[in-house]
Amino acid sequence: MENALDTYYNSLIYSNCLAHDFTFYPDEGLPYPSNQPWGKSTEENVVSNLLMNLDYGTSRPAEVSFEILNRYETSDSSYLRVGYTMSYVLRNLGNVSAQGEAEIYLRKQVDGRWVIVTWKDRADTSTTWGEIKLTFK
């Protein structure tokens with residue numbers, strides 16, 4: 001996922017990280033309807049729109065990093081609490097950044113790949129990734 005957003009800027013690689021029943025939950029503190037969850041097809045469109053709007057004239061249009069804060073795993077599922085920092089240079093918006101935490105639930109597929117089933121965004125003291133993605137929804 002980090003490679004899709006930070007190195008390759010590729011929405012297909014990103015989509016491959018998501019379960020068919022993926023759900024993104026924006027931070028609950030956002031006003032309605034911004035705080036309403038969405039599924040995989042909306043997520044794919046949002047991330048594709050975001051990546052298409054990167055300013056590729058800059059040397060580094062995106063910087064994304066994750067830090068695992070807590071982890072619980074079983075043989076076929078995993079829960080991660082991660083801290084994230086994301087910075088984008090967008091053609092029409094300039095520099096935008098997000099920082100927060102996410103609760104990520106993963107499931108192991110029959111082919112051995114791990115996919116994200118849910119992403120629950122949690123606000124830190126700044127803009128969340130969900131808030132940035134809402135611009136492209």
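Just the heavy atoms: all of them, side chains too, but no hydrogens, waters or symmetry mates, feed the values below.
Other cluster members for Ile13: Tyr8, joined by side-chain heavy-atom distances under 4.5 Å among Ile, Leu, Val, Met, Phe, Trp and Tyr.
The structure places CD1 of Ile68 at 8.5 Å from CD1 of Ile104, a figure rounded to the nearest 0.5 Å. The line from CZ of Arg122 to CD of Glu101 is 9.5 Å long, rounded to the nearest 0.5 Å. Atoms CG and OG, on Leu5 and Ser65 in that order, are 11.5 Å from each other to the nearest 0.5 Å. To the nearest 0.5 Å, atoms CG (Leu134) and CG (Leu50) are separated by 11.5 Å. The OG atom of Ser15 sits 3.5 Å away from atom CD of Glu44, with the distance rounded to the nearest 0.5 Å.
The ring pair (Phe, Tyr, Trp, His ring centres under 6.0 Å) search around Tyr56 returns Tyr9, not counting sequence neighbours.
Ring centroids of Tyr79 and Tyr72 are separated by 6.0 Å or more, keeping the two rings apart.
Judged by distance alone, the side chains of Glu43 and Tyr14 do bring a donor and an acceptor atom under 3.5 Å apart. Counting only N and O atoms by type, the side chains of Asp121 and Tyr84 include a donor and acceptor under 3.5 Å apart. Judged purely by distance below 3.5 Å, without hydrogens or angles, the side chains of Asp76 and Thr74 pair a donor atom with an acceptor atom. A donor atom on one side chain and an acceptor atom on the other are not found under 3.5 Å apart for Glu63 and Ser87. A donor atom on one side chain and an acceptor atom on the other are found under 3.5 Å apart for Glu131 and Thr128.
With contacts defined as side-chain heavy-atom distances shorter than 4.5 Å, the pair Pro26/Trp38 qualifies. In this structure, the side chains of Met1 and Ile116 come closer than 4.5 Å at one or more pairs of heavy atoms. Looking at heavy atoms from C-beta onward, Tyr88 lies out of side-chain contact with Asn95 at the 4.5 angstrom threshold. Contact annotation: the side chain of Phe24 never approaches that of Leu18 to less than 4.5 Å [non-hydrogen atoms, C-beta and beyond]. Using a 4.5 Å heavy-atom cutoff, the side chains of Lys137 and Thr42 are in contact. Proximity of Lys133 to Val47: side-chain heavy atoms (C-beta onward) are separated by under 4.5 Å at one or more points. Annotation: side chain of Lys108 is not in contact with side chain of Ser78 (no heavy-atom distance under 4.5 Å). Residues Glu67 and Val82 have side chains not in contact (no heavy-atom distance under 4.5 Å, counting atoms from C-beta outward).
Side chain of Asp6 to main chain of Val64: a donor-acceptor pair is present (N/O by atom type, distance under 3.5 Å, no hydrogens or angles). Not a single donor-acceptor pair under 3.5 Å links the side chain of Asn16 to the backbone N or O of Leu12. Distance alone, capped at 3.5 Å, places no donor-acceptor pair between the Gln36 side chain and the Pro33 backbone. Asp27 places a side-chain N or O within 3.5 Å of a backbone atom of Ala123 that can act as its donor or acceptor partner. Of the possible polar contacts, one joining the Thr135 side chain to the Ile132 backbone as a donor-acceptor pair under 3.5 Å is found. Not a single donor-acceptor pair under 3.5 Å links the side chain of Asp55 to the backbone N or O of Arg91.
Of all non-hydrogen atoms in Ala19 and Lys40, the two that sit nearest each other are O-CD, 3.3 Å.
Within a 6.0 Å radius of CD in Glu28, other residues, nucleotides and ligands contribute 12 heavy atoms or fewer.
Following chains of ILVMFWY side-chain contacts shorter than 4.5 Å, one cannot reach Tyr25 starting from Val117, and the two form parts of different hydrophobic clusters. With hydrophobic clusters built from ILVMFWY side chains whose heavy atoms lie under 4.5 angstrom apart, Phe136 shares a cluster with Phe22. Leu93 and Met86 fall within a single hydrophobic cluster, where Ile, Leu, Val, Met, Phe, Trp and Tyr are joined by side-chain heavy atoms under 4.5 Å apart, directly or via other members.
For the side-chain contact (heavy atoms from CB on, under 4.5 Å) criterion with Leu106, the lone passing option out of Leu80, Val115, Thr118 is Leu80.
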